[in-house]
Visitor: 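Mind having a look at this structure? Questions to follow.
Each chain gets a letter, A, B and so on, in the order its sequence line appears, and its residues count up from 1.
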Number of protein chains: 2
Amino acid sequence: MNNKGKNPALSTAKSEGFANISVASERSGVSAKMIRHYEDIGLMAKVDRTMAGYRIYREADIHILRFIRRSRDLGFSTNEIGNLLGLWQNRRRASADVKRLALRHIADLDKRIAEMQAMRTTLQTLASCCRGDQRPDCPILEDLAS
Amino acid sequence: MNNKGKNPALSTAKSEGFANISVASERSGVSAKMIRHYEDIGLMAKVDRTMAGYRIYREADIHILRFIRRSRDLGFSTNEIGNLLGLWQNRRRASADVKRLALRHIADLDKRIAEMQAMRTTLQTLASCCRGDQRPDCPILEDLAS
DNA sequence: GTTAAACCTTACCATCATGGGAAGGTCAAG
DNA sequence: CTTGACCTTCCCATGATGGTAAGGTTTAAC
């Protein structure tokens, strides 16, 4: 049977090695909810559907989802992931472009880490001055109220 | 003139030392938008109003706003700030309760810092292996696609 | 005394990444 | 043919913050 360009039945798609959304989710580590979301916002191209409208995923799609997942785990924003995907799929990319994205993200992380470190340091100082007993006197509150 | 319990005109309120929301904002460092929001969600009690419905702030209110601001700057969530405010205003508090909140927040910061540090380390390693030139070969993308 | 600027009010909408749930269609197994 | 486990879309929620629009108030200037 030649199904080129036609929407298959679900059983046909499965027997041809396509995955439905829950299998794609399992295999990529991205929730079905987020898979649909990434399609909505255009991070992933729309995938094919069965006759009944079920999304079907081929290996390449699942590979993209894993790429997204890994990027997300490294803290990249949706936008940055879009850029990374574009570079990944562009055979004529310059690795300099990828590296620039990565370094910018590192700088971003550094900034956020430094902010939180500063908070941490202040809080630690205050907490270490607080007796932490039944009495109300508390340098932490005094600082907050200052 | 005795205005106890009545809603004053704005000019009256101002001459009695009350501040309107933009002055309260300036003096506390909290945007008018967020001042209203904190009132909406019950973090701050509803303040008095003029006859025309304008919010008016006394020193004590502004003091609370500064407390919120400082707490927010130290990374406390709205919820935690609510707890801190409760302790601050409770003369029979135990400093142990305040300290516990602070230590829990420090632990939270530590967790988030560690997560970001881990991302940073991975990215740094990958980036340092990337030549960053005009060629497409890139260990960063290879990792993301792995 | 009127008018214009600069306020104030409420009520929405948006962000970002994620999840929950409802209403309704589809499919596979008993 | 029914049941349960899927799938679909659509709407709502988070948390902290900002934007804007429509409409009322106050103040300062003419």
Visitor: Show every side chain to side chain donor-acceptor pair (under 3.5 Å) that has at least one partner inside residues 80-91 of chain B, sequence neighbours left out.
Guide: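 Listed once each, the pairs are B/Ser77-B/Glu80.
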Visitor: Run the side chain to side chain contact (heavy atoms under 4.5 Å, CB included) test against B/Ser31 and tell me which residues pass, sequence neighbours left out.
Guide: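 Checked B/Ser31 against side chain to side chain contact (heavy atoms under 4.5 Å, CB included); matches are B/Lys33, B/Met34.
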Visitor: Grab the CG-P distance between B/Asp108 and D/dG15 for me, whole Å please.
Guide: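 So the CG-P distance, B/Asp108 to D/dG15, works out to 14 Å.
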Visitor: Expressed in angstrom and rounded to an integer, what is the separation of A/Glu39 atom CD from D/dT8 atom C1'?
Guide: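 That distance rounds to 12 Å.
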Visitor: Report the nucleotide, chosen from C/dT18, C/dC7, C/dC27, that has the shortest atom-to-atom distance to any side-chain atom of B/Tyr54.
Guide: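 Comparing C/dT18, C/dC7, C/dC27 against the side chain of B/Tyr54, the answer is C/dC7.
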Visitor: Toward the 5' end of DNA chain C, which comes first, A/Ala52 or B/Ala52, by nearest nucleotide?
Guide: B/Ala52
Visitor: Please set out all donor-acceptor pairs under 3.5 angstrom arising from side-chain atoms of residues 102-118 of chain B, sequence neighbours excluded.
Guide:
from	atom 1	to	atom 2	distance (Å)
B/His105	NE2	B/Leu74	O	2.8
B/His105	NE2	B/Gly75	O	3.3
B/Asp110	OD1	A/Arg120	NH1	2.7
B/Asp110	OD2	A/Arg120	NH1	2.6

Visitor: Nearest whole Å is fine: how far is D/dT25 C1' from B/Arg49 CZ?
Guide: 14 Å
Visitor: Hey, does A/Val30 have a side-chain heavy atom less than 4.5 Å from the side chain of A/Tyr38?
Guide: yes
Visitor: Rounded to whole angstroms, how far apart are CG on B/Leu43 and C1' on D/dA16?
Guide: 12 Å
Visitor: Once side chain to side chain donor-acceptor pair (under 3.5 Å) is applied, what residue pairs with a partner in residues 128-140 of chain B remain, sequence neighbours excluded?
Guide: A/Ser95-B/Asp133, B/Arg131-B/Asp133, B/Asp133-B/Arg135
Visitor: CD1 of B/Ile21 versus P of C/dC7: gap in Å, rounded?
Guide: 13 Å
Visitor: As an exercise, state the distance from CG of B/Asn20 to OG1 of B/Thr50, rounded to the nearest 0.5 Å.
Guide: 9.5 Å
Visitor: Axis-to-axis angle across the helix from C/dG1-D/dC30 to C/dG30-D/dC1, five pairs an end, to 10 degrees?
Guide: 30°
Visitor: Which residues pass the side-chain hydrogen bond (donor to acceptor under 3.5 Å, both in side chains) test with A/Asp73, not counting sequence neighbours?
Guide: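 By the side-chain hydrogen bond (donor to acceptor under 3.5 Å, both in side chains) rule, A/Asp73 matches A/Arg69.
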Visitor: Just to be sure I understand the geometry, which residues of residues 22-36 of chain A put a non-hydrogen atom under 4.0 Å away from DNA chain D?
Guide: A/Ser22, A/Lys33, A/Arg36
Visitor: In whole angstrom, give the distance that lies between atom CE of A/Met51 and atom C1' of D/dT8.
Guide: 16 Å
Visitor: If you look only at pairs with a residue in residues 123-146 of chain B, which of them pass as a ring pair (Phe, Tyr, Trp, His ring centres under 6.0 Å), with sequence neighbours excluded?
Guide: none
Visitor: Using a cut-off of strictly less than 4.0 Å, decide whether A/Tyr38 has a side-chain nitrogen or oxygen near OP1 or OP2 of C/dA17.
Guide: no
Visitor: Which residues in residues 63-81 of chain B have at least one heavy atom lying under 4.0 Å from any atom of DNA chain C?
Guide: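 Going residue by residue through residues 63-81 of chain B, none turns out to have a heavy atom under 4.0 Å of DNA chain C.
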Visitor: Check side-chain hydrogen bond (donor to acceptor under 3.5 Å, both in side chains) between B/Arg93 and all other residues, then give those that pass, not counting sequence neighbours.
Guide: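 Listed in chain order: nothing, the list is empty.
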Visitor: Please report, rounded to the nearest Å, how far the C1' atom of C/dT26 is from the CD1 atom of A/Ile56.
Guide: 15 Å
Visitor: Think B/Arg55 has a side-chain N or O under 4.0 angstrom from the OP1 or OP2 of D/dT25?
Guide: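 No, because none of the side-chain N or O atoms of B/Arg55 sits under 4.0 Å from OP1 or OP2 of D/dT25.
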Visitor: With a cut-off of 3.5 Å and sequence neighbours excluded, list every side-chain donor-acceptor pair involving residues 39-48 of chain B.
Guide:
from	atom 1	to	atom 2	distance (Å)
B/Glu39	OE1	B/Arg55	NE	3.1
B/Asp48	OD2	B/Arg58	NH2	2.8

Visitor: For B/Arg70, enumerate each residue passing the side-chain hydrogen bond (donor to acceptor under 3.5 Å, both in side chains) test, keeping only those at least two apart in sequence or located in another chain.
Guide: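 side-chain hydrogen bond (donor to acceptor under 3.5 Å, both in side chains) check on B/Arg70 returns A/Asp143.
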